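These notes concern the structure reproduced below.
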Amino acid sequence: MNSDAPAMAEESPPASNPPHHDLPRRHFVLHVLTLAISSIVALVPLVTGLIFVLDPLLRKKKSSGGEFVRVTSTSAIPPNGTPMAFIIRADKQDAWNKFPNSELGSVYLMKNEADEIVCFNARCPHLGCTVDYKSGKDSFVCPCHDSAFKLDGTRTNAIPPRDMDTLEVEVRDDTEVWVRFENFAAGTHDKKPV
Amino acid sequence: MNRFIDWLDDRTGIKNIIHGSLFEPVPGGARWRYVWGSTLVFTFFLQVVTGICLWMAYSPSAQTAWESVYYIQYEMTLGWLIRGLHHFAAQAMVILLVFHLVQVVIDGAYKAPREVNFWLGLILMQIVLGLGLTGYLLPWDQKGYYATQVATEIMRAAPVAGPYIQKLVQGGSEYGHHTLTRFFALHAGILPGLLVGFLVLHLAIFRRHGVHAKDPDRAPAAPFWPDQVLRDAVACLAVLAGLLGLVLWKGSELSAPANPGEPFSAARPEWYYLFLFRFLKFEWVEHLGLAFGAIYLPGILMLILVLMPLIAKIRGGHAFNVVYLWLVLAGAGGLTGLALYEDWYQDDEDSRDFRAAVATAHRDGKRAVALAHSPSGIPPEGAITLLRNDPLTQGPKLFRNYCIDCHQPEDGEFEIPPQAPMLASLDARGPVYFGSRDWIRKVLTDFANHFAPLANIEGERAEAAELILEGSMAEWSSANGPLLNEPANADDFEALVEFLYAQSMRSDASPPDDPRVIRGREIFETGALTQGEFDSACIDCHAMHVVGEEEPLSEDMQPILTNYGGNDWLRAFIADPQSHYAGEYGNNAMPAFAGQLSPHDIDMLARWMTGDYYLPPEGDAATH
């Protein structure tokens, strides 16, 4: 099982051991054969195991985000532009389990100056903590590393690598607010879905 | 490279260690009979590798164990191969242990000065058996659950401490989350740790004494490398090839999720415990008590094995040991053979029941996997709910328990005659006869024959049965049936049947706008056929409210045909046929089941009969 041992054995034959065979050719073939079979026997389980452990990298991603989710009604969003936090709920597949209507994350919904509804993912683009809304300062501040953003989502310091992540919003039937919920990779300059 | 090795050697003495192990002289030269120890080390290595992989994906709790093993087996990359190797290598280890033991005993390798190493080997054997026992439970499937329960009940039979040991091992007085966490800790932590420790001692002492040569003068001594290593490697390769073959050929099974409320008549221990299982079934053993059969006697047999090195000191002791070992193995082999024969080949009731139970277990296991694989997946409450809420699993069972005595299938054997129309065949799993198009045709045109079994009803329901057989529908059928059977009315007949069948809203029914359904509806309302006319239209007697429409075609009449043969109709009918279907003045001979069956049971029965359950698409069956 110790696959590098034979190589060493050949390099430095022991002085104090019984004499080797007189036939160098048979000797060589035997060594190679033994080495080969030992390697196969050891590598088959190791490689199989490695592939199994790499499963998360090998499997096709089953997208759990990226779909529109009904979040609230238009009347729940303050008309004066104050952000409100909402929890996103949708079916979630976690390995073998399917969790219906489970909490996937949270978002801020608010009305902008043009009276359109704007949505931010509450995950900080810096390292993924949940950003707080500070009403006194009229800004979003992350409690972990002080990333700060204006109410329109643009960063006000250099801690986060990008502005807050906007999410697509749709108003359906005039009253229902739907959001296309997605998480994005933290710590990168570009907004990349995870 | 050389400099690094020299550096390392200077600090560790590694060259000597490697040379010592590779160039250990084998007196009498390399031989195939020395390979067993190496194959055991190899299978253990295999178990460690695959075991760590499984560990990364396994979740020990009553609600996640089966589920995570399902996920390993059917969803994860090469999961079936990793689990299959682990499953079969565990069994191979037991076989190789026996080979190793036999070789050691007949070669006399257990004698002085190797006694201690022999005892260490026996300890290793117990650890391996313990690993097999604890591993069998971990998938938390019916098979492992019920087989392991027997083992923990046996623990209880141990003198004095028995009940405490059982409770400790189980993590409580019942099986549950902590049974799994404890078994898992034993299986993946404590026992492998002990195994490694004892294996190191075993190998160290083996090195100290060297190979025990069978006949050292057979050939000149040769170093371990490469001749003996080659033989060992070839033997390991053969073991590996055999295991891979078994994984590809058989695969490791996952039976239905463990369910304490669901009996499992196919329960058997792992095959290497079968001899003990069969032994305990002897009446005289049972008479002597469980502790005798399962603890004392195996203990005594084991004790003799332990004493072998001492027995060998007596004259003829070695011969005794060899004969003893062969006798024990022959006894165990014979009992295993007997158990297998009785289960799989003997033609009596018990054996047939066992085989049927195994078939049912396989079917339930496959069904649970198919449901777990379905789009609705495994709910948070766990996979136990999959079969519990599956009409295809529960329906036939309920049908057999509550319905079949009256609604007898043609392929059954019954002591009393049938008392109601046949609804499904004895082993019906797929579509049932009740409510089918053919059923509707028979009711319309052959009422008397269709309901003839009602004549066998005796007692208080006999009167109602007689009234049905002589009732207005029987008259209608005999008067109008021939009209429907006229060749000129063939399409009309089909249309009427399709309209009635469509009311059930079964998945294979035609939609309401299908021309045949529309035509059938006309006939249902007017009674006018292409050739001739019914003496009374269906709506003259029956209430019918087509689903999705505001206005009923007819109401306040019974029997009600709204959703006839569909889920709602069937649920209401099974619960109380008199009030739902026949009404105050109608005739009904079937008892109400609302008192005997829960709403869930009735739902399962109804949905089974209407075919309202998940079926996997063709070829989607889990492949391994």
Side-chain angles (χ1 to χ4, degrees), chain A residues 1-21 26-60 62 64 91-102, chain B residues 1-2 5 14-15 18-19 21-25 38 41-42 45-46 48-50 52-54 56-57 59 63-64 66-68 70-72 75-79 81-82 85 89 220-223 225-227 229-234 236-237 239-240 244 372 375-380 382-383:
Chain A
M1 257 61 66
N2 194 341
S3 54
D4 56 356
M8 270 185 283
E10 274 194 299
E11 277 163 35
S12 50
S16 60
N17 275 297
H20 281 221
H21 291 281
R26 177 178 179 273
H27 199 89
F28 177 74
V29 171
L30 253 182
H31 274 84
V32 170
L33 195 64
T34 310
L35 194 56
I37 297 177
S38 308
S39 309
I40 292 172
V41 155
L43 285 175
V44 167
L46 287 175
V47 171
T48 314
L50 184 68
I51 296 173
F52 177 81
V53 172
L54 293 179
D55 172 81
L57 302 179
L58 298 173
R59 71 179 34 248
K60 283 175 285 175
K62 281 181 188 165
S64 57
D91 290 354
K92 180 177 165 187
Q93 181 77 37
D94 181 4
W96 55 85
N97 268 136
K98 192 154 206 171
F99 294 99
N101 202 25
S102 92
Chain B
M1 186 66 189
N2 272 339
I5 291 169
I14 190 157
K15 275 187 181 174
I18 289 169
H19 288 178
S21 50
L22 282 177
F23 296 100
E24 159 103 23
S38 296
V41 172
F42 170 66
F45 159 78
L46 199 61
V48 170
V49 172
T50 52
I52 288 174
C53 289
L54 293 170
M56 289 194 200
S59 174
Q63 252 137 43
T64 57
W66 187 93
E67 293 76 358
S68 59
Y70 153 79
Y71 196 69
I72 291 168
E75 301 277 351
M76 291 185 73
T77 316
L78 292 189
L81 181 56
I82 292 288
L85 279 174
W225 170 270
D227 292 42
V229 177
L230 177 63
R231 283 171 170 78
D232 288 357
V234 168
C236 294
L237 185 66
V239 169
L240 180 64
L244 288 171
S376 50
I378 301 173

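All values derive from a computational prediction rather than experimental measurement. Chain letters run A, B, ... following the sequence lines, proteins first and then strands; every chain starts at 1.
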Checking the side chain of B:Thr77 only, and the main-chain atoms of A:Leu58 only, is there a donor and an acceptor separated by less than 3.5 Å?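 No.
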
What part of [X] gets closer than 4.5 Å to chain A, counting heavy atoms only: side chain, backbone, both or neither?
X: B:Met56; result: side chain
X: B:Val229; result: both
X: B:Ser376; result: backbone
X: B:Ser68; result: both
X: B:Ala57; result: both
X: B:Leu81; result: side chain
X: B:Val234; result: both

So, for [X] and [Y], which heavy atoms are closest and what is the spacing to 0.1 Å?
X: B:Trp66; Y: B:Ala383; value: CE3-CB, 3.3 Å
X: B:Cys53; Y: A:Phe52; value: O-CE2, 3.1 Å
X: B:Ala89; Y: B:Leu46; value: CB-CD2, 3.9 Å

For chain A, which candidate among B:Asp232, B:Leu240, B:Val49, B:Ile82 shows the most heavy-atom pairs at distances under 4.5 Å?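 That would be B:Ile82.
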
Sort out for me which of B:Thr64, B:Thr50, B:Ile52 touches chain A most, counting heavy-atom pairs under 4.5 Å.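 Most heavy-atom pairs under 4.5 Å with chain A: B:Thr64.
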
Would you call B:Glu75 and B:Tyr70 a side-chain contact if the rule is heavy atoms closer than 4.5 Å?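 A side-chain contact under 4.5 Å exists here.
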
Non-hydrogen side-chain atoms of A:Pro100 and B:Pro380 separated by less than 4.5 Å: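 Of all side-chain heavy-atom pairs linking B:Pro380 with A:Pro100, at least one is under 4.5 Å.
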
Quick one: of A:Pro56, A:Pro45, A:Ser102, who has the most non-hydrogen atom pairs under 4.5 Å with chain B?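 The answer is A:Pro45.
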
Closest-packed option against chain B by number of heavy-atom pairs under 4.5 Å, given A:Leu46, A:Asp94, A:Ile40: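 Sorted descending by pairs with chain B, the first entry is A:Leu46.
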
If you measure from CG on A:Leu43 to OG1 on A:Thr48, what distance do you get to the nearest 0.5 Å?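 With rounding to 0.5 Å, CG (A:Leu43) is 9.5 Å from OG1 (A:Thr48).
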
What's the spacing between A:Arg59 CZ and A:Leu54 CG if we round to 0.5 Å?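 Spacing of CZ (A:Arg59) from CG (A:Leu54) equals 12.5 Å.
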
